[in-house]
Q: 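Submitted below is the structure of interest, expressed as structure tokens.
Please read all numbers here as calculations on a predicted model, not as lab measurements. Quick note on labels: first sequence line is chain A, next is B, and so on, each numbered from 1.
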Amino acid sequence: MASKGTSPAKRGKVLFELPIAATGRVVCTSPQDKIYVITFSNPPDNRLVTPFCQALLLALDIIETRYPPGVLITTSGIDKFYSNGLDLDHASFTPGFFPESLYALWRRVLTYPMPTIALLNGHAFAGALMLAMMHDYRIMNPHKGYICLNEVELGVRLRPPMTSVFRQKCSAQTYRRLVLEATRFKALEALKEGIVDWLGGLDEALTHIEELKLVQKAGKGMNGLAVYGDLKREMWRETVWYLENFGAEHGRDFVITARVKRDREVAEKNVKQWETVKAKL
Amino acid sequence: MPESIINEQDLALDRHEGNIFVITMRKAPENRINSAYAQKLIHAFNTVRKILGPDTQGAVITKGNDAKFWCTGLELTESDTNPFANSEGFFPLLATLLDFPYPTIALITGHTFGGAGPFALSHDYRVMNSRRGYFSMPPINLGLHFPGIGTLPRLKLRPQVARAMLLEAKRWTGTEALADGIVDFVAEPEGMLEVAMELARQWAPKAKMGVYSLLRNELYGDAGKAFREISYVHGRLTDLPAKAKI
């Protein structure tokens, strides 16, 4: 099972299917009562483009409003990748992409009123690892794939919520290895660092769900309120705020750019002064 | 440390480094403008102009006093006792803004309503509170009009946005206003003054060659003309007072 991925039969009865544009699909199945597996496939590598994000958002809405609360598992139907992250051109040139699709999807997962598990069947890079991080738990295929944040190598800045979710959910040392060293973590090392919680596939995930009684966590507490989503929203409030306020990045970037430019001018002036003095000696 | 130039109970004018001036509106409870207050604001702008003189760098930021309100428009009841109230205050204020020789920035700290809409639009740049505050112009709902009320929306905004503002009384949050181009930046309450100051620092030097007002009037001169036309006029009624007073 581990090398080939979870077979469709094991994922359970199909509850519904949604298309992703013309090329892909999202399938929601239920292997056990109140456990929902979302399997997404948008070849070649499940990039987080607008139709992908919108289909997932709709799937999450359907599960929340039409089915009893339980546990959500997301995984990929493409063997080699959970997802290969953002399509940078698409992200840069699609108006409204960040607030309406990417951040909307991440925010929804981060505050979803059920325990969420990212079943990493294969590679999860950059934006894909961020999506996985928005889940409550991560389980990784021990034999295949690695995870990393390679922005430092690409020369791309991390936007506030992209980095804050790691800051909030990982240790400082792991955070540094991820962001500043672009370490490529295979499953066992990812487990040791705490980036993923367990190793295995769907069977193992179901076992952990049972052990931790996760299905019950989504239900109403003794006071009659279901608070799972509210608890998460407050736990990760900084990241939630960044995901809700994409517009504020513009102003902040503007201030930072101006400050950095000013600091550089001052530095240049001071160094020139030092060079002039040195030359005279 | 900023230097205090005007320090009245309802208005402050402070001078910061680099010829950046900050006008703080603090007329409790909601910074409503009547003709006397409009004249105070005009006096603040004139004070800056006289301090700086021509051909130098400078900028003015107009802000509210808290993160709840910027300005909630005109004191509509003033027209009951003084039918020329706007001609004596509000219209000259907008004319002053549109003629001003230095870049102006409206730091929209919170709710901006009614006449505060054109007041904000008459500034060169707008920074708005991302977390709190709505921007809307309700004359269509109140039965209110003055000749020139549409000039600034028409000249500064996309047609669909101007239509929504004037004919639909649409209400925008900071983020929505940013998307529609009504404001240039949004920022959290804690950071919004910094964004406005940074904008001021960036554009203050553009006043140095003494043509800022001239070139602004190339863009928005129709608005300036419209407001001057109805300023200080007592021989006729210049505006239709609101049928509904809110």
Q: Which residues in residues 56-65 of chain A have any heavy atom closer than 4.5 Å to a heavy atom of chain B?
A: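 Within residues 56-65 of chain A, no residue comes under 4.5 Å of chain B, counting heavy atoms only.
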Q: Got a second to check how far A/Met133's CE is from A/Leu178's CG, nearest 0.5 Å?
A: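 The CG atom of A/Leu178 is 7.5 Å from CE of A/Met133, to the nearest 0.5 Å.
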Q: Given the ring of B/Tyr220, does B/Lys156 sit roughly above its face, with NZ or CZ under 6.0 Å from the centre of the six-membered ring and within 45° of the axis?
A: yes
Q: Quick one: which of A/Arg252, A/Arg259, A/Glu244 has the most heavy-atom pairs under 4.5 Å with chain B, could you say?
A: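 That would be A/Arg259.
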Q: So, A/Arg159 and A/Glu249, do they make that salt bridge, N to O below 4.0 Å?
A: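 Looking at A/Arg159 and A/Glu249, the cut-off is met.
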Q: Test the B/Arg171-B/Tyr134 pair against the cation-pi criterion, namely NZ or CZ under 6.0 angstrom from the six-membered ring centroid and within 45° of the ring axis.
A: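 Judged by the rule, B/Arg171 and B/Tyr134 form a cation-pi pair.
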Q: Below 6.0 angstrom between ring centroids: does that apply to B/Phe21 and B/His16?
A: no
Q: Looking at A/Tyr228, does the NZ or CZ of A/Lys217 lie under 6.0 angstrom from its six-membered ring centre and within 45 degrees of the ring axis?
A: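 No - A/Lys217 does not lie over the ring of A/Tyr228 by the 6.0 Å and 45° rule.
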